[in-house]
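Presented below is the structure to which this report refers.
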Amino acid sequence: MSLIELKVPDIGGHENVDIIAVDIKVGDSVAVEDTLITLETDKATMDVPAEVAGVIKEVRVKVGDKISEGGVIAVVEAATAAAEAPKAEAAAPAPTTPAPQAAVAPQAANFSGNADAEYDVVVLGGGPGGYSAAFAAADQGLKAAIVERYATLGGVCLNVGCIPSKALLHNAAVVDEVKHLAANGIKYPEPEIDIDLLRGYKDKVIAKMTGGLAGMAKARKVDIIRGNGQFVGANHLQVALTQGNGSEESGEQKTIAFKNAIIAAGSRVLHLPFIPQDPRIVDSTGALELKFVPEKMLIIGGGIIGLEMGTVYSTLGARLDVVEMMDGLMQGADRDMVKIWQKMNEHRFDNIMLNTKTVAVEARDDGIYVTFEGSKAPAEPVRYDMVLVAAGRAPNGKLIGAENAGVAVSERGFIEVDKQMRTNVPHIYAIGDIVGQPMLAHKAVHEGHVAAENCAGHKAYFDARVIPGVAYTDPEVAWVGVTEEQAKRDGINITKSVFPWAASGRAVANGRSEGATKLIFDAASGQIIGGAIVGTNAGDMIGEICLAIEMGCDAEDIGRTIHPHPTLGESIGMAAEVAMGVCTDLPPQRKK
Ligand code: FAD
């Protein structure tokens, strides 16, 4: 018998989720898959099942607590593998670690048909993870192909995500910047916004980037097979060829044989079942189409995607409401940084409804009527001209015939991988959004490179210490590594230093001194383990903190590095000087 902590598994990136039911007590016997607790997010309630069978020895949570991925729910005295296993398997060695959760390995299908082509590596999905993996495999000398249903490479990020949103955000930021100039004596008339031209600009940006990718694929001799791919065996993929601008199937099929496959099929928008179909109700893709600028817009979900799109629409003239079930916007980012962003953005919002959820949405002729429930819920349904549903994304693991290849997919559609990005089938890898949070392009690319190197026979591992997050709002909010909230929650002993941009010559000269740069150090070792920046261009600067964490730097390493003056980036050096007690750009500090 051994004591094992039962922890919260991947819950789609949600943090500090409410526990609304606890189904176990000390002394209970639980079987694998028995519900331990029930969580409620702004999207849904979800049961957290036991991954290990045994007797509950300690319950560490109660109703009303908040919990995140990795949080300990209970301690169980596990039944041994021998006791659990059916008789015929009794001789099998006891596992040393609890069995992997939900995902059960299926038996691969036996495919005996002929293949139209054969590759060393076939990548399913041409998003940032997929094309990076295929290009890297080709650079290693492997014969590689990408199977992608749409006409262009780039996936969500390039076509309906990172890049189009930034093209619009850039224009919005310039409009806002020009307004600030009035206070400095430079006045422009109110901007005239031609929404068709603006949309055209965004589309041109996408076309330039996707065109570039097509050229790079050609230069590397990476074949692009356009169609919907489905595994039909452990070494075969069947592709229903597609045509036109979307993913309409032409009726033709191709069968592709592969030595290695990399699954990079990404994620899709999560649809809430109670929300009707109506052109005034959009997801992020619909919002990027920029069909009209509403007078009054509701954002359901106060995460990065919703707030970025909200920034664009607000600058174009919309008044915003946002509803978020958690107690703060931009969950995951440092609260002190978000507070600064929120103060600067108050003017965009009529109502920020925290601790509140959307319970009904009705499309009427004169608008979309939304009913809320929770501490900030208006008593009556509220009318909106547009509703943006930005309630998260779901992985595509269950839509690719993974079971035919013997690849295990979790109940929610994620594919579990090891540090080499291998699935349970050793020659099939998975990368990007489909393997879990954070769902970010830079994580997908990094994972793609690791998978490609392994396909080429090298021993590569995903061992990044940290993955940064950025909200490209105005001001931007960027964070990496341990946050103060996480340190508190996980009992990590930290010290922190903050450099306020009010003391940065460059920020003051730019008329944008509201920002701040924060560094977080491990109290015992002095090494930097986290950092956050709020301010203009924060996303461009967070890379230095990522590097410092990866290199195990302490405050002196950063503070004694000469940063160019006057730059916003020198705020990182100065925050490190604050940690050392030697910052001469602030009032005197007590020397440390
Ligand atoms: P995807 O980009 O989802 O690509 C998967 C590809 O696989 C798609 O092209 C799809 O068509 C194809 N595919 C799927 N199934 C099949 C099949 N069966 N057959 C053929 N093809 C298939 N991330 C950031 O890092 N920074 C940002 O600023 C940022 N902004 C975002 C803004 C928005 C509005 C959105 C929605 C997302 C944003 N993201 C951002 C997230 C980012 O887009 C994703 O993390 C990233 O695209 C994931 O890459 P991927 O390669 O895993 O998959």
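Atoms within a ligand are numbered from 1 in the order they appear, just like the ligands themselves.
Residue contacts with ligand 1, taken as heavy atom pairs separated by less than 4.0 Å, involve D433 via backbone and side-chain atoms alike. At a heavy-atom distance under 4.0 Å, only side-chain atoms of K166, from C-beta outward, approach ligand 1. When non-hydrogen atoms are compared, ligand 1 lies under 4.0 Å from the backbone of A265 as well as from its side chain. Residue contacts with ligand 1, taken as heavy atom pairs separated by less than 4.0 Å, do not involve S247 at all. Neither the backbone nor the side chain of V470 has any atom closer than 4.0 Å to an atom of ligand 1 (non-hydrogen atoms only). The residue Q230 has no part lying near ligand 1, judged by heavy-atom distances below 4.0 Å.
The number of heavy atoms from other shown groups lying within 6.0 Å of CD (E252) does not exceed 12. Counting heavy-atom neighbours within 6.0 Å of K254 NZ, excluding the residue itself, gives a total of 12 or less. Crowding of N110 atom CG: a count of heavy atoms from other residues, nucleotides or ligands under 6.0 Å not exceeding 12. Counted within 6.0 Å of CD on E295, heavy atoms from surrounding residues, nucleotides or ligands total 12 or fewer; the atom is thus considered open. Heavy atoms of other residues, nucleotides or ligands lying less than 6.0 angstrom from CG of D194 number more than 12.
To the nearest 0.5 angstrom, I206 atom CD1 is 6.0 Å from N159 atom CG. One distance of note links CD of E550 with CG of D463; it measures 7.5 Å at 0.5 Å rounding. Interatomic distance, CH2 of W479 versus CE of M337, reported as 12.0 Å (0.5 Å rounding). Atom OG of S247 is separated from atom CG of L241 by 13.0 Å, given to the nearest 0.5 angstrom. For the atom pair CG (D385) and NZ (K296), the distance works out to 8.5 Å, reported to the nearest 0.5 Å. With values rounded to the nearest 0.5 angstrom, I533 atom CD1 is found 4.0 Å from I572 atom CD1.
Close approach of ligand 1 to G229 is summarised as follows: ligand atoms under 4.0 Å from at least one heavy atom of the residue are 17 (C), 18 (N), 19 (N), 20 (C). Listed by atom number, the atoms of ligand 1 under 4.0 Å from Y150 heavy atoms are 11 (O). Close contacts of ligand 1 with G432, meaning ligand atoms under 4.0 Å from a residue heavy atom, involve 52 (O). Residue N228 has at least one heavy-atom neighbour below 4.0 Å for each of these atoms of ligand 1: 19 (N). Within ligand 1, counting atoms from 1 as listed, the ones closer than 4.0 Å to a heavy atom of Y472 are 28 (O). Shown in contact with R393 at under 4.0 Å from a heavy atom are these atoms of ligand 1, numbered in order with element: 36 (C). Numbered from 1 in the order shown, with element, the atoms of ligand 1 that lie under 4.0 Å from a heavy atom of S284 read 34 (C), 36 (C). Below 4.0 Å from some heavy atom of I400 lie the following atoms of ligand 1, by number and element: 18 (N).
In terms of protein heavy-atom proximity, atom 29 (C) of ligand 1 is nearest to C162 SG, 3.3 Å. Atom 16 (C) of ligand 1 has its closest protein heavy atom at R149 NH1, 4.0 Å. Looking only at protein heavy atoms, the nearest one to atom 9 (O) of ligand 1 is E148 OE1, 2.6 Å. Protein heavy atom at the shortest distance from atom 25 (O) of ligand 1 is A441 N, 2.8 Å. The protein heavy atom nearest to atom 53 (O) of ligand 1 is G266 CA, 3.3 Å. Scanning all protein heavy atoms for the shortest distance to atom 33 (C) of ligand 1 gives G161 CA, 3.4 Å. Nearest non-hydrogen protein atom to atom 1 (P) of ligand 1 is V156 N, 3.8 Å. Here the protein heavy atom with the shortest distance to atom 20 (C) of ligand 1 is G227 O, 3.1 Å.
At least one N or O atom of M439, backbone or side chain, sits closer than 3.5 Å to an N or O atom of ligand 1. Residue I431 places no N or O, backbone or side chain, under 3.5 Å from any N or O of ligand 1. The distance criterion of under 3.5 Å between nitrogen or oxygen atoms is not met by A444 with respect to ligand 1. The shortest N/O to N/O separation between G129 and ligand 1 falls below 3.5 Å.
Side chains of D176 and T315: a donor-acceptor N/O pair is present below 3.5 angstrom, by distance only. The closest side-chain donor-acceptor pair between N228 and E249 falls under 3.5 angstrom.
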List the steps and the verdict of side chain to side chain contact (heavy atoms under 4.5 Å, CB included) for H271 and D283. CA-CA 8 Å; H271 288 287; D283 56 25; 3.7 Å; yes

Could you walk me through whether V409 and I263 pass the side chain to side chain contact (heavy atoms under 4.5 Å, CB included) check? CA-CA 12 Å; V409 180; I263 302 172; over 6 Å; no

Report the C-alpha separation of F135 and L213 in whole Å, then their side-chain angles, then the decisive distance to 0.1 Å, and conclude whether the side chain to side chain contact (heavy atoms under 4.5 Å, CB included) test is met. CA-CA 10 Å; F135 291 3; L213 284 182; 4.1 Å; yes

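In this structure, F258 and F231 have perpendicular ring planes: the angle between them is above 60°, well past the 30° mark.
Checking I305, L124, I225 against atom 35 (C) of ligand 1, the nearest heavy atom belongs to I305. Nearest residue to atom 5 (C) of ligand 1 from P164, G125, A264 is A264 (criterion: closest heavy atom). For atom 50 (P) of ligand 1, the choice among C157, P128, P395 with the nearest heavy atom turns out to be P128.
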